[in-house]
Student: 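Here's a structure for you.
Side-chain atoms are counted along with the backbone in the values below, which use heavy atoms only and exclude waters and symmetry mates. Lettering follows sequence order; numbering is per chain, from 1.
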Number of protein chains: 2
Amino acid sequence: MSGTGEQGRADAPQGDAAPRRTRSGGPATIYDVADLAGVNPSTVSRALGKPGRVSAKTEARIRAAAAELDFRMNPMARALPTGRTNTLGLVVADITNPMVFGVVRGAEQAASQAGFTLVIAESQESGEAEATAIERILPGVDGIVLATTRLASDRISRLAAHKPVVLINRAVDGVPSVLPDVDTGVGDLVAHLDEHGHRTVAFLAGPTASWMSERRWAALLDAAEARGIAIVEIGPNPPTIDGGRAAYRRLRASHATAAIAYNDLMAIGVMQEAAAHGVDVPGELSVAGFDDIFGSELIVPALTTVRAQLVLAGERAVGQLLAMVGANGHDLPDDLLATTLVVRGSTGPAASA
Amino acid sequence: MSGTGEQGRADAPQGDAAPRRTRSGGPATIYDVADLAGVNPSTVSRALGKPGRVSAKTEARIRAAAAELDFRMNPMARALPTGRTNTLGLVVADITNPMVFGVVRGAEQAASQAGFTLVIAESQESGEAEATAIERILPGVDGIVLATTRLASDRISRLAAHKPVVLINRAVDGVPSVLPDVDTGVGDLVAHLDEHGHRTVAFLAGPTASWMSERRWAALLDAAEARGIAIVEIGPNPPTIDGGRAAYRRLRASHATAAIAYNDLMAIGVMQEAAAHGVDVPGELSVAGFDDIFGSELIVPALTTVRAQLVLAGERAVGQLLAMVGANGHDLPDDLLATTLVVRGSTGPAASA
DNA sequence: TTGTAAGCGTTATCAG
DNA sequence: CTGATAACGCTTACAA
């Protein structure tokens with residue numbers, strides 16, 4: 001006999017069809033199946049692993065036995081010899097940020113479709129917490145998707161040297177990533193504002209550690225300069241509704257006629273604060289955001305925003321990862337994800353100064 | 001030498017401080033640590049497992065060696081002899097439903113705080129897909145939280161006979177669950193409507209398989225009857241914005257002056273459709289929902305709703321689970337989660353018929 | 001095609 | 001307090 005393994009709560013009646021005659025009372029193993037089928041355990045392993053490695057007759061017998069015993073392979077036991085866990089990790093900064101929903105859904109779908117399990121960890125917008133979370137899930141996964149990382153580039157590189165890593169909305173040398181075509185959306189947005197007579201706009205930046213905030217700002221700067229529009233950066237700010245509200249005063253002080261927030265959450269905060277101050281949007285102030293999250297078209301006026309393909313991003317990221325761990329055959333497009341300007345009610349003609 | 005284990009991508013320079021002198025080039029094992037510390041592997045296991053099972057001196061030596069080798073315990077290897085994976089599963093119907101965000105966050109926090117990993121699976125509102133998802137993650141977890149299950153009670157019972165299971169928003173005999181105090185919130189809501197002169201209200205039900213929809217309807221029926229208010233149930237409907245929109249026509253046909261939707265998403269759908277038909281809310285129709293999701297106070301008019309404590313629900317559910325797998329000492333309160341009526345702009349005086 | 005046996009990294013029993 | 005050693009359930013050369 002061995003050590004522990006007291007997982008056999010074989011009290012409750014089995015209910016359906018699971019006659020259970022396993023050695024230890026616990027879940028059936030390939031040994032039990034092998035006994036029942038009259039073959040060697042290794043044959044069971046082969047039959048249930050890759051098809052065709054065993055004769056049709058025996059395979060049928062084995063499958064029947066497995067079904068009768070309600071056998072399911074123990075993933076931990078399988079992971080030990082192979083080193084592959086069939087599990088992927090997804091790390092996000094804030095799981096209640098609607099922006100991540102799409103990513104999570106896309107990732108979960110792609111993963112489960114490939115027979116992989118997805119473990120998710122939240123970093124609460126803190127680099128340290130993120131490092132800890134990664135540390136914790138790392139040994140149990142075959143690869144990791146970092147969706148909104150606040151980690152320094154060198155830490156990411158170091159991580160990527162050990163395990164397959166795919167980044168979303170973040171570029172680090174030598175590490176594969178899924179990125180949106182920021183320039184197009186931003187170009188359209190700035191053109192839209194320009195056409196409506198805005199000559200001075202403000203960008204409400206996100207957190208310092210947000211690569212994407214940098215990137216959006218850079219694109220904005222290019223586009224604004226090209227059109228001779230004055231632009232200022234206000235921030236950094238927390239990428240939340242409250243972050244947007246808190247930045248409102250500085251925004252107004254800048255006398256910008258249009259505000260572009262790092263994300264929709266912040267844009268919503270700005271709009272709420274404007275409403276609280278009796279400032280009409282878009283009459284006295286135009287507001288735009290990024291991502292097009294759930295809620296952006298609910299608010300009044302509905303938010304003009306640069307839509308990102310979040311579900312696709314999640315899908316592609318795990319697709320990449322699966323390819324890196326050698327788990328699929330798909331060809332992965334590596335082009336940037338298209339970005340679209342969605343014009344709604346929160347932007348309009350510049351207030352006459 | 002053994003079979004596979006080609007996880008050693010020992011090319012990229014180690015970066016920081018990880019002098020790596022492991023046997024196989026791969027991650028360090030307790031054997032490597034034992035070698036370096038000059039002790040037996042079993043001693044390393046003891047030292048790193050529970051404290052105090054080994055002399056202070058050797059423990060220090062072992063910890064130093066472990067640190068130098070950048071050793072982290074392989075959870076798979078550990079799970080094999082113990083049968084415990086230190087992983088919990090969370091199954092949700094629809095991960096993009098804002099209602100689940102809170103649950104996921106609460107669950108993730110409670111889990112990671114206890115050193116557990118959370119794997120999440122989505123069932124896409126389908127009982128079969130849910131069964132498959134559970135099947136897939138089951139062998140790798142110590143217990144499961146079913147957050148918005150569409151499974152039949154007997155399947156849940158059968159599941160619970162094998163692994164610890166905790167339900168959220170669903171009661172099944174013999175299976176622990178985290179439930180809200182529906183009656184209080186519903187009572188307040190109906191009183192609120194009554195005070196505003198509503199004599200006939202409609203309930204827009206959720207999916208057939210939703211226990212919570214049943215439960216809310218039952219509470220509504222009680223409260224309405226007690227006040228002599230006429231009430232009708234319309235449905236079943238998909239628990240989404242579109243589900244709410246689709247139910248709009250039948251709602252109006254009922255001539256109810258107030259609509260109570262199974263959840264906020266549906267309520268939002270109703271409001272959107274009302275707006276599309278030029279029907280004023282709450283002037284011509286009062287609308288209320290359940291949960292108080294993100295977005296409910298963004299929409300105009302803001303939604304009156306019965307708020308649920310979703311984060312707390314997630315926390316309690318994994319708290320329960322941890323207790324069941326013997327992983328903590330907390331005392332778990334098992335009272336119902338308080339529910340609060342949040343009155344906002346979407347409800348008002350009944351339209352004079 | 002199938003059986004044999006070694007090994008994956010850790011824990012736990014049993015001596016010493 | 002610590003060292004051997006046998007599991008845990010599965011995969012995979014290697015033989016037969």
Student: Is the shortest heavy-atom distance from the side chain of Pro333(B) to the side chain of Arg316(B) under 4.5 Å?
Tutor: yes
Student: Who are the salt bridge (Lys or Arg N to Asp or Glu O under 4.0 Å) partners of Asp35(B), not counting sequence neighbours?
Tutor: none
Student: When you match Pro41(A) and Val44(B) each to their closest nucleotide on DNA chain C, which lands nearer the 5' end?
Tutor: Pro41(A)
Student: Nearest 0.5 Å, please: how far is NZ in Lys57(A) from CZ in Arg61(A)?
Tutor: 8.0 Å
Student: For the pair made of CG in Asn86(B) and P in dT10(C), what is the distance, rounded to whole Å?
Tutor: 14 Å
Student: Around Arg72(A), counting heavy atoms of other residues, nucleotides and ligands shown, do more than 12 lie under 6.0 Å from its CZ?
Tutor: yes
Student: Would you say a side-chain N or O of Asn74(A) is under 4.0 Å from OP1 or OP2 of dC10(D)?
Tutor: no
Student: Looking only at side-chain N and O atoms, does Thr58(A) come under 4.0 Å of OP1 or OP2 in dT2(C)?
Tutor: yes
Student: At under 4.0 Å, does any side-chain N or O of Ser55(A) touch on OP1 or OP2 of dT1(C)?
Tutor: no
Student: Check whether any side-chain nitrogen or oxygen of Thr43(B) sits under 4.0 Å from OP1 or OP2 of dG3(D), and answer yes or no.
Tutor: yes
Student: For Met76(B), which contact category applies under a 4.0 Å heavy-atom criterion: base, sugar-phosphate, or nothing?
Tutor: nothing
Student: Under 4.0 Å between any heavy atoms, over every strand shown, what does Val39(B) touch: base, sugar-phosphate, or nothing? Just pick one.
Tutor: sugar-phosphate
Student: Atom CZ of Arg72(B) to atom C1' of dT10(C): distance rounded to whole Å?
Tutor: 17 Å
Student: Rounded off to whole Å, could you give me the CG-to-P distance for the Leu48(A) and dC10(D) pair?
Tutor: 9 Å
Student: Does Arg78(A) have a side-chain nitrogen or oxygen under 4.0 Å from the phosphate oxygens OP1 or OP2 of dT11(D)?
Tutor: yes
Student: Report yes if a side-chain nitrogen or oxygen of Ser42(B) is closer than 4.0 Å to either non-bridging phosphate oxygen (OP1 or OP2) of dA12(C); otherwise report no.
Tutor: no
Student: Less than 4.0 angstrom between a side-chain N/O of Thr82(B) and OP1 or OP2 of dT11(C), yes or no?
Tutor: no
Student: Atom NZ of Lys57(B) to atom P of dT2(D): distance rounded to whole Å?
Tutor: 11 Å
Student: Between Thr58(B) and Ser55(B), is any side-chain donor less than 3.5 angstrom from a side-chain acceptor?
Tutor: yes
Student: Starting from P on dT10(C), measure out to CD1 on Ile62(B) and report it in whole angstrom.
Tutor: 13 Å
Student: Could you check how far NZ of Lys50(A) sits from P of dT12(D), rounded to whole Å?
Tutor: 8 Å
Student: Relative to the 5' end of DNA chain C, which residue comes earlier, Arg46(B) or Leu80(B), by the nucleotide with the nearest heavy atom?
Tutor: Leu80(B)
Student: In terms of the nearest nucleotide of DNA chain D, which residue is placed more toward the 5' end: Asn40(A) or Arg53(B)?
Tutor: Arg53(B)
